[in-house]
A.B. asks: 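Pasting a structure here, questions to come.
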Amino acid sequence: MIERLKGFRDFYPEDMIVREHIFNIMRKSAKLFGFMPIDYPSLESMDLFRTKSGEELLSQTYSFIDRGKREITMIPEATPSTVRLLGAKKNIPKPVKWYCIPKLWRYEEPQSGRTREHSQFNADIFGDASPVADAEIIGLACETLNGLGLKGSYEVRINHRQIMEKILDSLGTKNITEGLNIIDRFRKESREKMIENLSGNLSSTDNAERLMDFISGKVQASKADERIREFFPNIPFEQFSENMNETISALEAWDYNDIVYDPATVRGLTYYTGIVFEGFDKEGKYRSIFGGGRYDKLSSIITGQELAAVGFGMGDAVLENLLREKNLWKAEAARNRYIIITIAEEAQKFSLKLAGNLRARGIEAATSNTHKNLSNSLRSATANWYTHAIIIGKKEMESGKVTVRNLSTGEQKETDTSGIN
RNA sequence: GCCGGGUUGGGGUAGUGGGUAUCCUUGGGGACUGUGGAUCCCCGGACCCGGGUUCAAUUCCCGGACCCGGCCCCA
């Protein structure tokens, strides 16, 4: 018996019903905001990731040398490929809004909410530096979660990289990237350890404590300015906070609530240049549901041309954790699925003909071909996700009507075949 | 890469240094002439892998694989 690879998942129909439903909500939401679908290969040249992310990330990928001695990587993230597509067709009029649901791979120890292969819903806007574009990206993430029934179960934590940089600057940071990395560990380290680390990065322990107090408080997004000014009255952050406030007010106008300003959200990646955000379940039990931000400089690394960009990624694993917990890991059959069960030899031909007619009308119709008794056929039909059984025996042959049984309620009615839909 | 806990038919389990390895369920076949989504009968199917200790290992020891969780990292 050959076993499945470590960290990979099999999906049976009962899960695929739900997964298809989820992916459909993602696509539908993306379209509502005017995004167009793209797709790209699962394999890319290793260099695509080397330039952007460095050797550390590469060590956590599935990579190999192909027969032509090329270094190949199974894509671990979506953004580089997306940017590559854009760079390969430079005359596309901007802005563009693209989405994709690729499979991604990472060679790491599996743990809760993280597998070696996962699907990730990605959406990006290129060539639009406005705060409304930021809002559209965050709004799309919210729209998707709301569409899945998670409204009220999650919060979006937002922050602005440049505001944090200004603050770090004013506190005498020795190294901004290192400072951000320390802040990023806020929810993993003790206060003492945080103060110690920040003291090493900033000009004084007083400053470290002030920053620690600042990042320890999440506030409603509309109160962000107030919060920042309270702690750092003399820092000229207005230019960036105006930007962030426009994003926030757009989200409010569209009725996406549950947005909080969280100074501890900075995200690990160095390439973010503006707003950054992460979605979490409200209880904070799981890893982030989605995350993203503005990355206006990344494109120049890959295509040699600078281009405003903002985007997010939403993995399927944490989403599944949360949906299962909220009892939302289910999907109603989008359409009726019929199985035709015959209980009289002479009904066989009629049954096949009926199946053909129904299919020609766009109705999903299968026939039961194994000649079990009715009880067993009904049981098997339910186990195979049919919504209705059409029962045909002598009685039906004589009356010219068929019996349609709803397999979930057990309700039954007689009808003309034209009444089936 | 590191740390902790696990692993007995497809799923859930009982048990044991020695005999044909327990029970439920699922699956397959049959009976049953139209819905009791049943019932009855029959059948198939497991000690994760390798090494060690021992007369004898599914059981004890060591290593590995995989699963669950955590660290690192986070796309």
Side-chain angles (χ1 to χ4, degrees), chain A residues 1-10 12 14 44 48-49 52-62 73-83 102-122 124 181 184-185 188-189 266-272 276 278 285-288 290-293 295 298 311-315 317-318 321 339 341-347 368 370-384 386 388-398 402-414:
Chain A
M1 184 67 177
I2 296 171
E3 289 177 354
R4 187 180 64 232
L5 256 39
K6 173 178 174 175
F8 286 70
R9 297 168 292 171
D10 294 326
Y12 291 90
E14 58 268 33
E44 293 274 10
L48 183 61
F49 305 99
K52 174 203 149 195
S53 324
E55 295 295 328
E56 162 122 36
L57 183 145
L58 280 180
S59 72
Q60 294 168 357
T61 61
Y62 277 88
T73 297
M74 296 179 73
I75 59 173
E77 54 175 327
T79 306
S81 298
T82 308
V83 172
K103 276 195 174 184
L104 303 177
W105 295 268
R106 54 178 73 187
Y107 198 98
E108 279 194 294
E109 290 308 307
Q111 49 195 293
S112 179
R114 174 179 294 183
T115 55
R116 287 186 166 184
E117 176 183 65
H118 70 126
S119 294
Q120 192 180 77
F121 175 34
N122 280 270
D124 296 273
N181 283 337
D184 196 37
R185 299 196 54 77
K188 293 185 172 179
E189 306 276 18
V266 292
R267 304 208 21 101
L269 282 175
T270 53
Y271 63 67
Y272 289 111
V276 288
E278 289 185 358
K285 280 168 70 174
Y286 304 106
R287 294 167 188 285
S288 68
F290 66 87
Y295 52 101
L298 178 66
F312 80 96
M314 180 186 290
V318 176
N321 283 157
I339 182 152
I341 301 171
T342 53
I343 46 182
E345 287 285 324
E346 57 267 44
S368 175
T370 52
H371 304 296
K372 292 180 177 179
N373 65 54
L374 185 52
S375 285
N376 284 341
S377 294
L378 289 173
R379 194 156 64 96
S380 152
T382 306
N384 284 289
Y386 291 102
H388 295 79
I390 299 172
I391 300 167
I392 305 170
K394 276 192 186 134
K395 207 168 72 191
E396 286 79 6
M397 295 294 288
E398 278 158 22
V402 295
T403 299
V404 177
R405 182 180 179 87
N406 180 317
L407 289 172
S408 52
T409 65
E411 271 174 71
Q412 243 172 246
K413 61 177 183 187
E414 290 207 357

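If you're wondering where the values come from, they're calculated on a predicted model, not measured in any experiment. Labels below follow one simple rule: chain letters A, B, ... track the order of the sequence lines, proteins then strands, and each chain is numbered from 1.
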A.B. asks: With nearest nucleotides of RNA chain B determined for A:Asp184 and A:Lys394 from heavy-atom distances, which residue corresponds to the more 5′ nucleotide?
C.D. replies: A:Lys394

A.B. asks: Suppose we call a contact any N or O donor and acceptor under 3.5 Å apart; does that hold for the side chain of A:Arg185 and the base of B:rC73?
C.D. replies: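 Under the 3.5 Å cut-off, the side chain and the base do not form any donor-acceptor pair.
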
A.B. asks: Restricting to side-chain contact (heavy atoms from CB on, under 4.5 Å), what partner residues turn up for A:Ser408, sequence neighbours left out?
C.D. replies: A:Asn406

A.B. asks: Phosphate oxygens OP1/OP2 of B:rU35: is one of them under 4.0 Å from a side-chain N or O of A:Arg379?
C.D. replies: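 Checking B:rU35 against A:Arg379, no side-chain N or O comes under 4.0 Å of OP1 or OP2.
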
A.B. asks: List for me each residue that meets ring-ring contact (aromatic ring centres under 6.0 Å, His included) alongside A:Phe121, sequence neighbours excluded, and say none if there are none.
C.D. replies: A:Phe312

A.B. asks: Could you tell me the separation between the CD atom of A:Glu117 and the C1' atom of B:rA75, rounded to a whole number of Å?
C.D. replies: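 So the CD-C1' distance, A:Glu117 to B:rA75, works out to 15 Å.
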
A.B. asks: Look at the side chain of A:Lys395 and decide which nucleotide, out of B:rG34, B:rC67, B:rC73, has an atom nearest to it.
C.D. replies: B:rG34

A.B. asks: What I want to check is whether an N or O donor and acceptor connect the side chain of A:Gln412 with the base of B:rG34 at under 3.5 Å.
C.D. replies: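 It does not, because no donor-acceptor pair links the side chain of A:Gln412 to the base of B:rG34 below 3.5 Å.
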
A.B. asks: Only one of A:Glu108, A:Arg106, A:Arg9 passes side chain to side chain contact (heavy atoms under 4.5 Å, CB included) with A:Thr115; say which it is.
C.D. replies: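 The side chain to side chain contact (heavy atoms under 4.5 Å, CB included) with A:Thr115 is passed solely by A:Arg9 among A:Glu108, A:Arg106, A:Arg9.
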
A.B. asks: Using a 4.0 Å heavy-atom cut-off across all strands, classify A:Ser375 as base, sugar-phosphate, or nothing.
C.D. replies: base

A.B. asks: Which base sits across from B:rG9 as a Watson-Crick or G-U pair, both distances under 3.5 Å?
C.D. replies: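 With both distances under 3.5 Å required, B:rG9 matches none.
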
A.B. asks: Please list, for nucleotides 41-43 of chain B, all pairs of protein and nucleotide N/O atoms separated by less than 3.5 Å.
C.D. replies:
none

A.B. asks: Base, sugar-phosphate, or nothing: which does A:Glu411 touch, judged by heavy atoms less than 4.0 Å apart?
C.D. replies: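 No contact at all - A:Glu411 keeps every heavy atom at 4.0 Å or more from the nucleic acid.
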
A.B. asks: Side chain of A:Gln111 only, please: which of B:rA75, B:rG70, B:rU35 is the nearest?
C.D. replies: B:rG70

A.B. asks: How would you label the contact of A:Gly311 with the nucleic acid (heavy atoms, under 4.0 Å): base, sugar-phosphate, or nothing?
C.D. replies: nothing

A.B. asks: Please tabulate the protein-to-nucleotide N/O contacts below 3.5 Å involving nucleotides 3-11 of chain B, giving atom names and distances.
C.D. replies:
none

A.B. asks: Please enumerate all residues that pass ring-ring contact (aromatic ring centres under 6.0 Å, His included) together with A:Tyr272, with sequence neighbours excluded.
C.D. replies: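 With neighbours one apart ignored, the set is empty.
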
A.B. asks: Output the rounded distance in Å from NE2 (A:His118) to P (B:rA75).
C.D. replies: 11 Å

A.B. asks: Rounded to whole angstrom, note down the P distance from B:rG11 over to B:rC68.
C.D. replies: 14 Å

A.B. asks: Strictly by Watson-Crick or wobble contacts shorter than 3.5 Å, is anything paired with B:rA38, and which nucleotide is it?
C.D. replies: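 B:rA38 is unpaired by these criteria.
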
A.B. asks: Can a donor-acceptor pair under 3.5 Å be found between the side-chain atoms of A:Gln60 and the base atoms of B:rA75?
C.D. replies: yes

A.B. asks: Counting the atoms with a prime plus P, OP1 and OP2 as sugar-phosphate, which does A:Leu407 contact under 4.0 Å by heavy atoms, base, sugar-phosphate, or nothing?
C.D. replies: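 Base contact.
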
A.B. asks: As a test of reading the structure: which of B:rA38, B:rA75, B:rG69 is closest to the side chain of A:Glu77, going by heavy atoms?
C.D. replies: B:rA75

A.B. asks: Among residues at least two apart in sequence or on other chains, which ones pass side-chain contact (heavy atoms from CB on, under 4.5 Å) with A:Arg116?
C.D. replies: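 A:Arg116 satisfies side-chain contact (heavy atoms from CB on, under 4.5 Å) with A:Lys6, A:Phe8, A:Tyr62, A:Tyr107, A:Glu109, A:Pro110 only.
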
A.B. asks: Among B:rA38, B:rC73, B:rG34, which nucleotide sits nearest the side chain of A:Glu108?
C.D. replies: B:rC73

A.B. asks: Identify which nucleotide among B:rC67, B:rG34, B:rC73 has an atom closest to any side-chain atom of A:Ile391, counting heavy atoms from C-beta outward.
C.D. replies: B:rG34

A.B. asks: Choosing from B:rG69, B:rG27, B:rU35, which nucleotide comes nearest the side chain of A:Ser112?
C.D. replies: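 Closest nucleotide to the A:Ser112 side chain: B:rG69.
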
